[in-house]
Amino acid sequence: MSDPSDTICALASAHGRSALAVVRVSGAGSLQIWEKIFKVKKAARGMPPRSVTLGDIVDPDLGTVMDQAIAVCYRAPKSYTGEDMTEYTIHGSPVLVAALLHCICSLGARLAEPGEFTMRAFLNGKMDLTQAEAVRDIVDSTTLFQAQVAAMQRSGEISGKIRPLKESLIDIVVQLESAVEFVDEDLPVDTRAIVLEKLRTAIKDIRKMIDTHRAGRVIREGFRMAVVGRPNVGKSSLFNALLEQDRSIVMDMPGTTRDLVAEHTSIQGIPVRLMDTAGLSARPDSAEGLGIEKTYRAISDADAILIVVDRSRVPGEEDLRIRSELENLPCMVVLNKNDLESRWSLENIEMFAGEWPRIEVSAKYGDGIERLRSLIFKEIFGSGAVERDDVLITNLRHRSCLEALEGELLLAVRSFEEGLSEEFPLMHLHKSLKHIGEITGETSVEDLLTEIFSRFCIGK
Amino acid sequence: MDSYDVVVVGGGHAGCEAAVAAARMGVRTALYTFDPDSVAQMSCNPSIGGIAKGHLVRELDALGGIMGEAADRTGIQFRLLNASRGPAVQAPRCQSDKYKYINEIRRILFDQENLSVHQSEVVGLIIEKDRIQGVEVKDGRRIQASTVILTTGTFLNGLIHIGGIRQKAGRIHEPASESLAQNLRRIGFEVGRLKTGTPPRLDGNTIDFTRFEEQRGDDCPAFFSLKTERTILPQISCFLGYTNAKLHNLIRENIKQSALYGGVIKGIGPRYCPSVEDKVIKFSEKERHQLFLEPEGLDTDSIYLNGLSSSMPVEVQKKMVASIPGLENARIIRPGYAIEYDFVQPTELRQTMETKKICGLFHAGQINGTTGYEEAAAQGFVAGINAALQSMGLDPVTFPREESYIGTMVDDLVTRGIDEPYRMFTSRSEFRLLLRIDNADRRLKPTGYRLGLVSETDYVVFKQKYREIDLLRYFLKETRWNTRDAACPALAAKVDVQAIRGLTLEEILRRPGIFLEDLDPFMSFHGRKPSSGEIRKIVEIEIRYQGYIQQQVKDAEKMQSLGKRRIPPDFDYNAVDGLNRETKEKLSRIRPADLAMAGRIPGITPAAVSVINIQLEMRKAKNSRNGRKPEKS
Ligand SMILES: Nc1nc2c(ncn2[C@@H]2O[C@H](COP(=O)(O)OP(=O)(O)OP(=O)(O)O)[C@@H](O)[C@H]2O)c(=O)[nH]1
Ligand SMILES: [Mg+2]
């Protein structure tokens, strides 16, 4: 059972896409978290509890505004759970929900177990017996829910990656435990230096997993999109149009943009990192060389690519070359300059775009930009994992497990470096196995002993 | 008809500890054993303690048990294991003169008031309405008892194997208990079968010890009992040798003749105490294995050949022994053998060691599937005090995991059950850094005192010791270092005394390599008398490892808060809707005492624990509502 003294948070409204979503936080830390992430327009500090406040949800690290929200703050015991509690009503985007939960967790809360709010309400005497019957049913159903989540986790990308890591940690624990428990045996256990080396490798692997953890990255840094195309097709114009600000220089001259320009924005509540690039041409002169190299890097880093073509100019070999270079990548074709006369036939467009979605816009005059936003949203977020907030939240759980895991391993390394004997780093290592267990299933002492006895010939 | 409050069946380590604890608590106690002259026998290696096991003995000593002092008085070699590691994994071990140990325990038994020792085989239990009434002995007499503790060791359906030869026995040359085993099966206990083995004993006069490496004990021995000040017996050495390719080949050639590999043995053996057959076959890549020559006593030539546990025929064992350099001419006094025996699943027990099925019946020791003298003694103690308490009509005493290895072991046994012989390891405790030998008395002495097992004088000494420790700690915490008061050359040799000005003494002591004695001049300037070595050591440990200790204290507190949510013994799991059938079945069988224990049962999910919690709260709410508005008639 989970610790009742934790501050917990969860999506309180229905899962999936909806116009609005409610995120609930309960526990002693909920008011402090409110102070950090919810910025009220006017100084509304002395706001009476249980009244509705309009304000901005702000990323506590970056200081950027994530969304506008309506929030309510309750003080114990006058709340649903009987504890200090806050509720934020935001736009119903799964990524936004996940991003908000991520921020709240980074401020010391943890994701609630299913039914935990109701459970707290019950334990704090906020319900009578008949209601309690209903609560029990909710918690019952969580067994099934947990089984589903567990199944998802097991089949998920992360547990595949974490298994070798778990094995290497178990290996370390087995070595260290054997050294402590069987001093009189001549066991071929690793030296401290080797163990330390293995630990450091494990930490590096975990860091890499945290950094490349896609859902986590999208939530934290935004979805990465590169705007690419031939010189002078209007990439920078489009970039500025999507940002709604003149960020990149626009000129009627090929090769204006020579370096990568990147900026954060949000598309329908989803954080996006947009990259304007130097134009791709067949014969880059030396000055452009560097810029083009960066363009290719941006392409390979991107989660999705906007290919801009100038519709007012006859398609040429250059266009086909770009097409073949970007083959198999997640692209969208933007047919720009639709305020001018079109020189691309329908066949041209079909040939070029193929499977990719396409859209006509005028970056200069803003026509079609809103539709482009919707298209981006639909194409990128409208399918697959990002739409499923339960998956995203599971991913958030993984992320926090990985971070906790990393923390314990760093502490284990520190105890080693301080020259302490095995049982001290082992305390941290056993805790780290618990965190892994939250993703892949528990490892018991019995399992470890089995491992020890199968590996070493122990006993006299 | 004879009548007792507590009848203990079996005179092994569990039985002796149980009988003495009960008798000391003032209830009429009887111990029944095959042979009163061989109580507390070390049927395996002549040694007590070791890592985790030594912890158990220290804990027993703090509680007022007998094993620690008896081992100290009869020890002929003492070693503190893990001396180079931290305080939590250090533990004492001794080689014992096994005959003197028997005499010592026998003396304690016979001197003990309220305790009578009887030579008789108990053949049956007398039970009425699920409540123990007494026992029946071989000659047909019936002994009345309000509680009975079974500590029958390997005697339940014991079967000894030496090669192809099989013999019903509890120990070599001692009869097995068959009717009692049947009795337990009839009651409906879940009974399983285990096996263990022992190596040959050699005649020391026929051994060339110069071919072995001598292993001496520590110069400054660490004892089990805090009361012991010095060794009593002369100290001896053990000898270390190795197996070799010739021996390994012999085993491979004759493997079919081994009882273990011939397929006749069905019991499950301990993995941490494998036979030499197992070692050679399962770890074939290892070229040699360690062997220890351990004298069984001062007045005997018998040498225990630790590491060569075997169930080969005697003729093969002879060749095996002779293949070892130095043992070419060694005479086998008694061959090694394997023994199979019945055990009762310890999930049949409560935390008090009382069986759930039969009120007043307790099981302790190897009958519960454990190995080791220390494990047995600790269980015997828990059973002994609880049998006594029950016969006096008092509440039971149990031992939480976070407070002792004794409690950890009992909890493991009764919540998880066993599928191989259970031995204590420090890694079985999630609070390893808290359960140290240095604080065993602090953790358990008050309980021992409350039970009447620790004398008033001992308790006063204990209180004074920790008062002194607490005062010293307070002083170290509050006093800041300066360079005026007194020069400390020892400290100056280790750190820059100017740079640490203004730090508290506690902060200074946390630096590696600094000890209390380095601060002596400063301390005496402040009017503090130097404390004893024992007290200094404890204070240094508490300060140096404070960060780690506090983390585990926090973890322990978390567990305690769940442990406070008790589950009534009559709780009906079948009436709880949200649990699946398997979970209901498991919980009804194990009947966890509280929510923390429920969560430790293998396969019980946190969600299931939450469901039970809600059900408990609902019961509470219902009861209090009924209490407020009593029904009108
Ligand atoms: N008529 C019209 N002109 C446009 C449109 N979009 C861009 N332009 C013009 O096309 C020229 C080039 O625009 P940029 O946005 O600088 O093009 P780019 O692709 O970034 O060019 P490089 O950075 O040099 O590769 C500018 O003069 C823009 O004003 C459009 O939708 N319609
Ligand atoms: Mg440009």
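A, B, ... follow the sequence lines: proteins, then strands. Residue 1 opens every chain.
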Practice prompt. Please step through side-chain contact (heavy atoms from CB on, under 4.5 Å) for the pair Y545(B) and L420(A), ending with a clear verdict.
Written response: CA-CA 10 Å; Y545(B) 303 109; L420(A) 292 169; 3.7 Å; yes
Fill in: Verdict with supporting geometry, V89(B) and E181(A), side-chain contact (heavy atoms from CB on, under 4.5 Å)
CA-CA 8 Å; V89(B) 294; E181(A) 305 264 21; over 6 Å; no
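With a 4.5 Å cut-off on non-hydrogen atoms, D412(B) does not touch chain A at all. In this structure, the portions of R428(B) lying under 4.5 Å from any heavy atom of chain A include both its backbone and its side chain. Y242(B) touches chain A through its side chain: at least one heavy atom from C-beta onward sits under 4.5 Å away, while N, CA, C and O do not.
Proximity of Q551(B) to M427(A): side-chain heavy atoms (C-beta onward) are separated by under 4.5 Å at one or more points. Considering only heavy atoms from C-beta on, H430(A) stays 4.5 Å or farther from E430(B) through its side chain.
Minimum heavy-atom separation, L81(B) to V183(A): CB-CG2, 4.1 Å. The two residues F424(A) and G86(B) have their closest heavy-atom pair at CE1-CA, 4.2 Å.
Within a 6.0 Å sphere centred on CD of Q32(A), heavy atoms belonging to other residues, nucleotides or ligands number 12 at most. For E582(B), the CD atom sits in a loose shell: 12 or fewer heavy atoms of surrounding residues, nucleotides or ligands are nearer than 6.0 Å.
For R511(B), the salt bridge (charged side-chain N to carboxylate O under 4.0 Å, His left out) test picks out no residue, with sequence neighbours left out. Judged as a salt bridge (charged side-chain N to carboxylate O under 4.0 Å, His left out), and not counting sequence neighbours, E287(B) has no contacts.
Side-chain contact annotation: T426(B) with E423(A), donor-acceptor N/O pair under 3.5 Å absent.
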